[in-house]
Amino acid sequence: MDLLNTLVEKGLRRELPTREEALAVLATSDDELLDVVAAAGKVRRQWFGRRVKLNYLVNLKSGLCPEDCSYCSQRLGSKAEILKYTWLKPDEASKAAAAGVAGGAKRVCLVASGRGPTDKDVDRVSKTIEAIKDQNEDVEVCACLGLLSDGQAERLRAAGADAYNHNLNTSEATYGGITTTHTYADRVETVQQAQAAGMSACSGLIAGMGETDADLVDVVFSLRELDPDSVPVNFLIPFEGTPLAKEWNLTPQRALRILGMVRFVCPDVEVRLAGGREVHLRTMQPLALHLVNSIFLGDYLTSEGQAGQADLEMIADAGFEVEGAETTTLPEHRAGGGCASACGEPAAPEPEGETPEIPAARTDLVSVRRRGAGTDLAPNA
């Protein structure tokens, strides 16, 4: 396809596709899917070879969040039967992180529910970061604590945080329909605060919330402009007891097309296959490794992932290798502040693609986490 040849050439030059080209990727047929994977795979291998970075989540504080994000099982009013607990102690969090590192994780992601941390919370997380670094000097630590107040990003950086995650999640135009207790601009500001403090920015999206193709392209183009170092792509886990419990809008094929589009728009960025991969990609997960260069190992915040050993076997069977601590994830040119100066400019908005057929709900695939952080059972790593 001329489209895919063009996108490969642009990806190898770090040139931004047009909106029309990004939309066209989402509109490709299932018959063209392997062509899309092969083309995006060329771009992925150019910048990341066959390496896969492993990340491990530690949920420091689960549930009881005052925010009303419709996709979240921890939201205000959620009836999802998830684990609920207050802050883990630093030694508990460090022990949980050690399980992920032992499984091969290069980065530990410390996450806490809530609108944002108090200064006392930042002190607590800072001690947790120090405890983890004492045990694993080379491990990267990413904090995800919600909206930041003035000075908090600098304090986290001083404590040893390497990165900060705060996702845009969906397009600015549709954000108000997903969350009302904070704004899209609030999220952008927090990512910029993390960047200004010297932390690597991590910001991504959630697909499958009923958004259009145009919405997906909008948020990915916004992310490209924001220029985070890593872009996690989550696929909605429709928890029973949340407003989006009936939103089963994804097929494995559509999930792969979305990942391909993200790779073309963000060719040299760490694209991470995040929550929901087991639910929506299912047996086609290995194909996604040709598009992404990073995954989460084991469980997520409130849901269980496939066994950590199965992740490692999948990576090896697909012909990829786990990225070691001695390897720098990002291409050398991004170490000096990203590729914003080398990126092309987006074209004018284009009409959205056709809405895909909605598959039958597979509620049997959602497994609530009952092990690891906040429990007496061993974590999945």
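In this chain, residues are counted from 1 in sequence order.
- Put simply, the side chain of Lys95 does not reach to within 4.5 Å of the side chain of Gln135, judged on heavy atoms.
- Between Phe264 atom CZ and Leu291 atom CG the span is 8.0 Å, to the nearest 0.5 Å.
- Here Lys127 does not pair with Asp134 in a salt bridge; the nearest charged N to carboxylate O distance is not below 4.0 Å.
- Taking the charged nitrogens against the carboxylate oxygens, Lys120 and Asp123 have no contact shorter than 4.0 Å, which rules out a salt bridge.
- In terms of modelled atom types and a separation under 3.5 Å, the side chain of Lys133 and the main chain of Val139 share a donor-acceptor contact.
- With contacts defined as side-chain heavy-atom distances shorter than 4.5 Å, the pair Ser78/Phe239 does not qualify.
- For the atom pair Thr28 OG1 and Asp35 CG, the distance stands at 9.0 Å (nearest 0.5 Å).
- In this structure, Leu256 and Val36 have side chains that are not in contact, with every pair of non-hydrogen atoms separated by 4.5 Å or more.
- Taking the ring centre of Tyr300 as origin, the terminal cationic atom of Arg369 falls outside the region bounded by 6.0 Å and 45° from the ring axis.
- Rounding to the nearest 0.5 angstrom, the gap separating the CZ atom in Arg272 from the OG atom in Ser294 is 4.5 Å.
- Listed for the Arg44 side chain is no donor-acceptor partner under 3.5 Å among the backbone atoms of Arg263.
- With a 4.5 Å cut-off on side-chain heavy atoms, Met284 and Val37 do not count as touching.
- A salt bridge does not link Arg107 to Asp162: none of the charged side-chain nitrogens sits closer than 4.0 Å to a carboxylate oxygen.
- With values rounded to the nearest 0.5 angstrom, Thr86 atom OG1 is found 8.5 Å from Leu64 atom CG.
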Is there a side chain to side chain contact (heavy atoms under 4.5 Å, CB included) between Val108 and Asn136? Walk through the geometry before answering. CA-CA 10 Å; Val108 172; Asn136 303 279; over 6 Å; no

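- Of the candidates Thr179, Thr181, Thr180, Glu67 forms a side chain to side chain donor-acceptor pair (under 3.5 Å) with just one, namely Thr181.
- In this structure, the separation between CG on Leu145 and NE2 on His166 is 10.0 Å, given to the nearest 0.5 Å.
- Separation of atoms CG (Leu12) and CZ (Arg45) is listed at 10.5 Å; rounding is to 0.5 Å.
- Side-chain contact between Asp299 and Pro379: absent, with no pair of heavy atoms (C-beta onward) separated by less than 4.5 Å.
- Apart from Leu236 itself, the hydrophobic cluster it occupies contains Tyr71, Ile178, Ile206, Met209, Leu244, where clustering links Ile, Leu, Val, Met, Phe, Trp and Tyr at side-chain heavy-atom distances under 4.5 Å.
- Contacts classified as side-chain hydrogen bond (donor to acceptor under 3.5 Å, both in side chains) and involving residues 190-207 (residues at least two apart or in different chains) are given here: Ser200-Asp229.
- With sequence neighbours excluded, the residues forming a side-chain hydrogen bond (donor to acceptor under 3.5 Å, both in side chains) with Glu323 are Arg51, Lys106, Thr329, listed by chain and number.
- Remark: Arg257 does not engage Asp213 in a salt bridge, criterion side-chain N to carboxylate O under 4.0 Å.
- Leu16 places none of its side-chain heavy atoms less than 4.5 Å from the side chain of Lys10.
- Here the side chains of Gln152 and Pro117 are in contact, with some heavy-atom distance below 4.5 Å.
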